[in-house]
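All remarks here apply to the structure that follows.
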2 protein chains.
Amino acid sequence: MFHLTKKLEYSLLAFSYMAQLLPESRWVTAKEISDHYQIPYEVVARCLQHLARAGVLHSWIGAQGGYRLKAGWEKKSLLELYEILEGPMNLVRCLDHDGDCSHVARCTLPVLMRPLNQKLKKFFQDLVLRDVLNLKEVINESKVTTPS
Amino acid sequence: MFHLTKKLEYSLLAFSYMAQLLPESRWVTAKEISDHYQIPYEVVARCLQHLARAGVLHSWIGAQGGYRLKAGWEKKSLLELYEILEGPMNLVRCLDHDGDCSHVARCTLPVLMRPLNQKLKKFFQDLVLRDVLNLKEVINESKVTTPS
DNA sequence: AAAAATTCCGACAAATTTTGTCGGGATTTG
DNA sequence: CAAATCCCGACAAAATTTGTCGGAATTTTT
Ligand code: FES
Ligand code: FES
């Protein structure tokens with residue numbers, strides 16, 4: 001129940017990797033990350049795609065393309081990453097949009113869990129990448145240009 | 001990744017149920033709880049057994065036997081319940097005793113996650129049943145006696 | 001003493017979720 | 001045009017969670 005999913009693990013590694021070579025400010029491919037950490041290409045690739053679509057990364061299609069961190073990335077919280085990669089964070093499904101919780105009989109959990117769920121989300125909202133990745137200061141990434 | 005497991009859900013319901021009829025101070029059977037919430041008997045029964053073994057509940061074998069809350073139960077934290085039912089709470093497996101994490105290649109997650117994991121545990125340690133179940137005050141359960 | 005009610009326990013089966021793979025399409029570079 | 005790369009969804013495999021079963025032990029009731 002509390003293990004990070006691979007999506008989150010791989011994404012964090014990707015952020016860590018890109019943050020380390022930040023001054024370089026170049027486009028990093030999914031392949032490069034997958035090779036470096038020996039993790040499955042397709043999986044990490046999809047994570048990066050989602051993160052790009054959600055606006056946390058820049059992406060550039062084509063040869064010499066890849067991904068790079070987008071300004072403000074270091075202030076993104078684990079809650080945001082989680083919801084990008086996994087959907088809404090909820091302790092019980094009935095708090096979800098589609099409350100498909102089965103044992104509705106006399107279940108008091110939704111009402112009991114709502115405040116708790118709020119606290120949990122707050123907890124992860126306060127954990128931002130800068131702190132999680134333990135970065136001293138974030139070098140300002142240069143303006144995004146075309147690869148060549 | 002953040003959905004409560006059924007074990008936790010059923011256990012919380014069981015606590016909730018037993019707390020509600022606290023002044024009665026009688027032995028509650030697994031069957032009674034399973035019937036009341038329409039949840040699978042064997043599953044909730046096993047949870048109660050674990051909780052009893054861990055010292056959160058009293059149990060009494062035999063006809064008219066069952067379970068009852070043990071003094072101090074309301075101060076038990078979600079962390080304690082989690083670890084009784086599911087084992088150690090860890091964001092990544094390598095923080096576990098048997099660090100069987102596969103992608104050890106250059107994975108920086110264990111070192112990054114250790115402080116975070118501590119915070120998470122603290123978070124759940126501070127959530128005790130009294131608060132989670134939203135109890136005003138806990139009626140002192142009477143001394144445990146034999147069923148008859 | 002036998003029967004009934006109940007906790008206790010582990011092995012297994014089924015269901016669900018997570019993780020990984022594949023086949024292709026679109027865009028850019030050279 | 002070919003190569004590199006992002007993009008996307010459908011599917012397969014693996015892992016985990018959830019539920020079921022068959023019993024054994026203990027106590028109460030008849
Ligand atoms: S947890 Fe959703 S109805 Fe019980
Ligand atoms: S998370 Fe354990 S080695 Fe990467």
Side-chain angles (χ1 to χ4, degrees), chain A residues 1-11 14 26-35 37-54 57-68 82 85-87 90 92-93 96 100-103 144-148, chain B residues 1-11 13-14 26-35 37-54 56-68 82 85-87 90 92-93 96 100-103 144-148:
Chain A
M1 167 183 171
F2 278 115
H3 284 163
L4 292 182
T5 60
K6 295 299 177 190
K7 287 196 227 171
L8 266 173
E9 290 190 0
Y10 299 161
S11 298
R26 61 183 174 82
W27 297 88
V28 176
T29 68
K31 176 127 202 332
E32 185 177 345
I33 293 173
S34 135
D35 281 349
Y37 292 111
Q38 312 240 52
I39 56 187
Y41 168 74
E42 290 92 342
V43 180
V44 73
R46 239 181 333 198
C47 292
L48 294 170
Q49 283 161 32
H50 283 16
L51 292 167
R53 214 187 315 175
L57 301 174
H58 286 289
S59 67
W60 189 272
I61 300 185
Q64 308 307 317
Y67 299 91
R68 56 162 61 185
Y82 180 93
L85 297 165
E86 320 272 4
N90 281 316
V92 288
R93 274 186 244 274
D96 246 73
D100 66 347
C101 244
S102 35
H103 56 92
V144 176
T145 55
T146 66
S148 52
Chain B
M1 169 183 171
F2 278 115
H3 283 164
L4 291 183
T5 61
K6 295 300 177 189
K7 287 197 227 173
L8 266 174
E9 290 191 359
Y10 299 162
S11 297
L13 290 177
R26 63 185 174 80
W27 295 90
V28 175
T29 68
K31 177 123 199 333
E32 185 177 344
I33 293 173
S34 135
D35 281 350
Y37 292 110
Q38 311 242 50
I39 55 186
Y41 168 76
E42 290 91 341
V43 179
V44 72
R46 237 182 333 200
C47 292
L48 295 171
Q49 282 162 32
H50 283 17
L51 292 166
R53 215 187 313 177
V56 185
L57 301 173
H58 287 289
S59 68
W60 189 272
I61 299 184
Q64 307 306 318
Y67 299 90
R68 55 163 60 184
Y82 180 92
L85 296 165
E86 318 273 6
N90 281 316
V92 288
R93 274 186 245 277
D96 246 73
D100 65 348
C101 244
S102 34
H103 56 91
V144 177
T145 55
T146 66
S148 53

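All values derive from a computational prediction rather than experimental measurement. Basis for what follows: all heavy atoms, side chains included, without hydrogens, waters or symmetry-related copies. In what follows, every chain begins at residue 1, and chains take the letters A, B, ... in the order their sequences are listed.
With rounding to whole Å, Glu42(B) atom CD is found 12 Å from dT7(C) atom P. Distance CD (Glu32(B)) to P (dT7(C)): 10 Å, rounded to an integer number of Å. Atom C1' of nucleotide dT5(D) and atom CD1 of Ile61(A) are separated by 8 Å, given to the nearest angstrom. Whole-Å rounding puts the Gln64(B) CD to dT6(C) P distance at 6 Å. We find that CG of Leu57(A) is positioned 17 Å from P of dT5(D), with the value rounded to whole Å. The distance from atom CG of Leu4(A) to atom C1' of dT16(D) is 16 Å, rounded to the nearest whole Å. One can place NE2 of His50(B) at 13 Å from P of dT18(D), the figure rounded to the nearest angstrom. In this structure, NZ of Lys6(A) is placed 13 Å from P of dT18(C), rounded to the nearest angstrom.
We find the CG-OG1 distance between Asp35(A) and Thr29(A) to be 7.5 Å, quoted to the nearest 0.5 Å.
One finds a side-chain N or O of Tyr10(B) lying less than 4.0 angstrom from the OP1 or OP2 phosphate oxygen of dG19(D). For Arg68(B) and dT7(C), the shortest distance from a side-chain N or O to OP1 or OP2 is not below 4.0 Å. For Ser59(A) and dT5(D), the shortest distance from a side-chain N or O to OP1 or OP2 is not below 4.0 Å. In this structure, Tyr41(B) reaches the dT7(C) phosphate: one of its side-chain N or O atoms is under 4.0 Å from OP1 or OP2.
Each of Arg53(A) and Gly65(A) lies near DNA chain D, and the nucleotide nearest Gly65(A) is the one positioned closer to the 5' end. Sequence order on DNA chain D of the closest nucleotides to Met1(A) and Ala63(A) puts Ala63(A) first from the 5' end.
Taking only side-chain atoms of Tyr67(B), from C-beta outward, the nucleotide of dT19(C), dC7(D), dC8(C) with the closest atom is dC8(C). Minimum atom distance to the side chain of Pro40(A) is reached by dG20(C), of the listed dG20(C), dC7(D), dT28(D).
Classification of the His58(B)-Trp27(B) ring pair by plane angle, with boundaries at 30° and 60°, yields perpendicular.
Base contact: Arg46(B) has a heavy atom under 4.0 Å from a base atom. In this structure, Ala30(B) reaches the sugar-phosphate backbone alone: every heavy-atom distance under 4.0 Å involves primed, P, OP1 or OP2 atoms, never a base.
Side-chain contact check for Tyr67(A) versus Trp60(A): every heavy-atom pair is 4.5 Å or farther apart. Contact annotation: the side chain of Leu13(B) never approaches that of Val44(B) to less than 4.5 Å [non-hydrogen atoms, C-beta and beyond]. Looking at heavy atoms from C-beta onward, Val28(A) lies out of side-chain contact with Arg68(A) at the 4.5 angstrom threshold.
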